[in-house]
2 protein chains.
Amino acid sequence: MNKKIKKSVKTKIFEYCIENFSRIGYNNVGVRNISEGTGLSIGAIYYYFPSKEKIARFLYDTATELILENIKKSVGEARGDEEVIKSIIVELFRLTEESPRLMEYALYVKHKDFLPDVLPVCSSKPFEYIKSFMRKKIEEGVFEDMDIVVASALVMGPIIRIVQLRLDNLLKDDIRKYAVPIFEGIIKSTFKKVANKKISK
Amino acid sequence: MNKKIKKSVKTKIFEYCIENFSRIGYNNVGVRNISEGTGLSIGAIYYYFPSKEKIARFLYDTATELILENIKKSVGEARGDEEVIKSIIVELFRLTEESPRLMEYALYVKHKDFLPDVLPVCSSKPFEYIKSFMRKKIEEGVFEDMDIVVASALVMGPIIRIVQLRLDNLLKDDIRKYAVPIFEGIIKSTFKKVANKKISK
DNA sequence: ATAATTAATACGAATGTTCGTTTTAATTTA
DNA sequence: TAAATTAAAACGAACATTCGTATTAATTAT
């Protein structure tokens with residue numbers, strides 16, 4: 001009966017920092033900016049986080065966890081292997097449109113600058129999850145029998161590329177319109193061909 | 001008869017900064033580090049560059065120019081459309097193995113942190129060059145008739161992804177071994193099918 | 001009363017940059 | 001040839017600023 005009325009301190013910090021670490025960079029956002037931007041005092045910030053670096057780590061963990069949850073939920077509703085791939089694309093594109101800063105932080109922020117020992121995002125939970133799905137499908141013979149690295153690159157490469165172009169503002173329109181053609185291209189390059197089955201209409 | 005003997009100041013700075021901006025980040029490399037690392041005095045550095053930011057810009061321009069030159073040369077020796085795609089892959093993979101820091105700087109460095117008004121690398125000269133080639137081939141009917149954005153993502157996405165994985169040290173071995181399988185996957189997803197022509201052996 | 005938050009101040013370390021000076025090498029003058 | 005002059009190149013201590021962080025005492029909320 002309380003938490004709803006006011007945003008928690010951590011939430012405020014999360015929202016402000018996700019936005020601004022992505023937009024102008026970790027090193028260009030000072031603790032004083034965070035204080036002003038959230039309306040919190042510097043003391044309050046340090047009451048919840050022992051250091052600025054810990055904020056960055058908290059953002060990273062929360063962001064990857066959030067993305068993973070969304071992907072899992074989306075994949076959970078999919079029927080069949082192709083549907084799984086499609087649902088991943090749709091979900092990643094949706095997240096890109098609806099939470100661009102979240103995606104930007106997860107994909108882009110050069111963690112080496114300020115989180116030296118964090119895994120590169122490409123091997124963070126969401127991407128590991130997708131990769132393990134693919135590994136299984138190669139074993140089952142759904143995908144062409146290819147190296148997992150190659151398969152993973154052929155599937156995730158185009159998706160991530162579209163997302164990056166959008167986040168860089170090089171694509172002006174909603175990228176969800178690319179979901180189907182990208183999906184079809186990916187299927188062509190990775191799935192075993194089945195004689196009596198058409199992929200596109 | 002003189003320039004050969006000593007590395008120019010700009011060359012020294014280029015080499016040190018490409019290495020270290022990529023490795024530990026622009027904001028973690030101070031002017032004092034550059035001074036110590038190159039053996040140049042701080043004064044000398046500022047004699048050649050008006051600011052640290054201008055160094056970053058110089059690196060960016062030089063790196064993209066270098067990569068573009070190499071791609072052009074490699075493409076120039078290719079015969080036929082598929083060969084062009086293959087030569088781009090081979091060249092980008094070669095550069096990744098032989099000049100990883102150069103590639104890392106061009107692909108990765110989050111320019112927003114310190115070069116606010118520079119183009120994202122994905123739209124820098126080398127990538128624009130490749131894209132315009134593809135646009136032409138779509139018009140000529142070599143590629144499937146698809147949106148240039150989609151085609152570009154299907155071609156460049158997997159390539160860049162492999163490169164990134166390698167630069168993140170998530171792939172331990174030389175990525176050149178992936179050149180052919182990646183090439184074959186890309187062809188499948190983008191090239192028009194020609195009935196009496198097999199792509200792989 | 002305890003915990004949470006604020007506001008203000010202060011700290012030292014690190015930053016990018018400046019600037020007066022020195023070194024070096026080439027050119028000009030004598 | 002030797003001395004004088006010049007200008008570019010290199011130097012590095014010092015500067016003002018900003019950073020993350022710490023500390024304080026006062027205030028508010030539970």
Side-chain angles (χ1 to χ4, degrees), chain A residues 1-60 109-118, chain B residues 1-60 109-118:
Chain A
M1 62 167 180
N2 48 352
K3 295 288 174 57
K4 298 286 167 54
I5 209 90
K6 273 202 295 187
K7 273 184 199 168
S8 81
V9 169
K10 285 204 166 191
T11 301
K12 280 186 198 167
I13 293 177
F14 178 83
E15 288 174 357
Y16 179 84
C17 289
I18 273 282
E19 175 78 18
N20 289 281
F21 285 1
S22 290
R23 267 181 359 97
I24 60 176
Y26 175 82
N27 287 287
N28 299 319
V29 179
V31 179
R32 286 162 188 82
N33 299 123
I34 302 175
S35 169
E36 287 159 21
T38 57
L40 296 162
S41 68
I42 293 180
I45 293 166
Y46 276 94
Y47 186 81
Y48 284 96
F49 293 99
S51 70
K52 190 187 165 194
E53 187 190 311
K54 281 291 195 308
I55 296 179
R57 189 169 305 271
F58 171 69
L59 291 193
Y60 176 81
V109 166
K110 184 150 179 44
H111 291 92
K112 261 191 232 167
D113 267 14
F114 55 95
L115 290 180
D117 60 335
V118 103
Chain B
M1 63 168 180
N2 47 353
K3 295 288 175 56
K4 298 285 166 55
I5 210 87
K6 272 202 294 187
K7 272 185 201 169
S8 81
V9 170
K10 284 205 166 191
T11 301
K12 278 187 200 167
I13 293 176
F14 178 83
E15 288 175 357
Y16 179 84
C17 288
I18 272 282
E19 175 77 18
N20 290 281
F21 285 1
S22 290
R23 267 183 356 100
I24 59 177
Y26 174 81
N27 288 288
N28 300 318
V29 179
V31 179
R32 283 162 191 78
N33 298 124
I34 302 174
S35 168
E36 288 159 21
T38 56
L40 297 161
S41 68
I42 294 174
I45 293 166
Y46 276 92
Y47 185 82
Y48 286 97
F49 293 98
S51 70
K52 191 187 164 193
E53 188 190 309
K54 280 292 196 311
I55 296 179
R57 188 169 304 272
F58 171 69
L59 291 193
Y60 177 81
V109 168
K110 183 151 180 45
H111 290 92
K112 263 190 227 166
D113 268 14
F114 55 96
L115 288 181
D117 60 335
V118 102

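All values reported here derive from a predicted model rather than from experimental measurement. The analysis underlying the following values was restricted to heavy atoms, covering all of them including side chains, and did not include hydrogens, waters or symmetry mates. Lettering follows sequence order; numbering is per chain, from 1.
For the pair A:K10 and A:F49, the distance from NZ or CZ to the six-membered ring centre is under 6.0 Å and the angle to the ring normal is within 45 degrees.
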Exercise. Determine, stepwise, if the pair B:L40 / B:V9 fulfils side chain to side chain contact (heavy atoms under 4.5 Å, CB included).
Key: CA-CA 8 Å; B:L40 297 161; B:V9 170; 3.7 Å; yes
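OP1 and OP2 of C:dT5 both lie 4.0 Å or more from every side-chain N or O belonging to A:Y47. Checking the phosphate oxygens (OP1, OP2) of D:dA10, no side-chain nitrogen or oxygen of B:S41 falls inside 4.0 Å. Using a 4.0 Å cut-off, some side-chain N or O of B:Y48 falls inside it from OP1 or OP2 of D:dA10.
Separating the CD1 atom of A:I55 from the P atom of D:dG20 is a distance of 9 Å, rounded to the nearest angstrom. Following rounding to the nearest Å, A:Y46 (OH) and C:dT9 (P) show an atom-to-atom distance of 19 Å. The distance from atom CD1 of B:I45 to atom C1' of C:dT18 is 14 Å, rounded to the nearest whole Å. Atoms CG (A:N33) and P (D:dG20) sit 8 Å apart, rounded to a whole Å. Distance B:K54 NZ to C:dG16 P: 16 Å, rounded to the nearest Å. The distance from atom CG of A:N27 to atom P of C:dG16 is 10 Å, rounded to the nearest whole Å. Rounded to an integer number of Å, the gap from CD1 of B:I13 to C1' of D:dA10 is 12 Å. Remark: P of C:dA14 and CD1 of B:I34 are 17 Å apart, rounded to the nearest angstrom.
Each of D:dA10, C:dA10, C:dT18 was ranked by its minimum atom distance to the side chain of A:R32; first place goes to C:dA10. The side chain of A:V31 sits closest to D:dG20 out of C:dG16, D:dG20, C:dT5. Which of D:dT21, C:dT6, C:dT18 sits closest to the side chain of A:K52 comes down to D:dT21.
In this structure, B:N33 and B:N20 have side chains that are not in contact, with every pair of non-hydrogen atoms separated by 4.5 Å or more.
Taking the side-chain hydrogen bond (donor to acceptor under 3.5 Å, both in side chains) definition, one finds that B:N27 meets it with nothing, sequence neighbours left out.
Residue B:F21 is tested with B:Y60, B:Y26, B:Y16 for a side chain to side chain contact (heavy atoms under 4.5 Å, CB included); the sole match is B:Y26.
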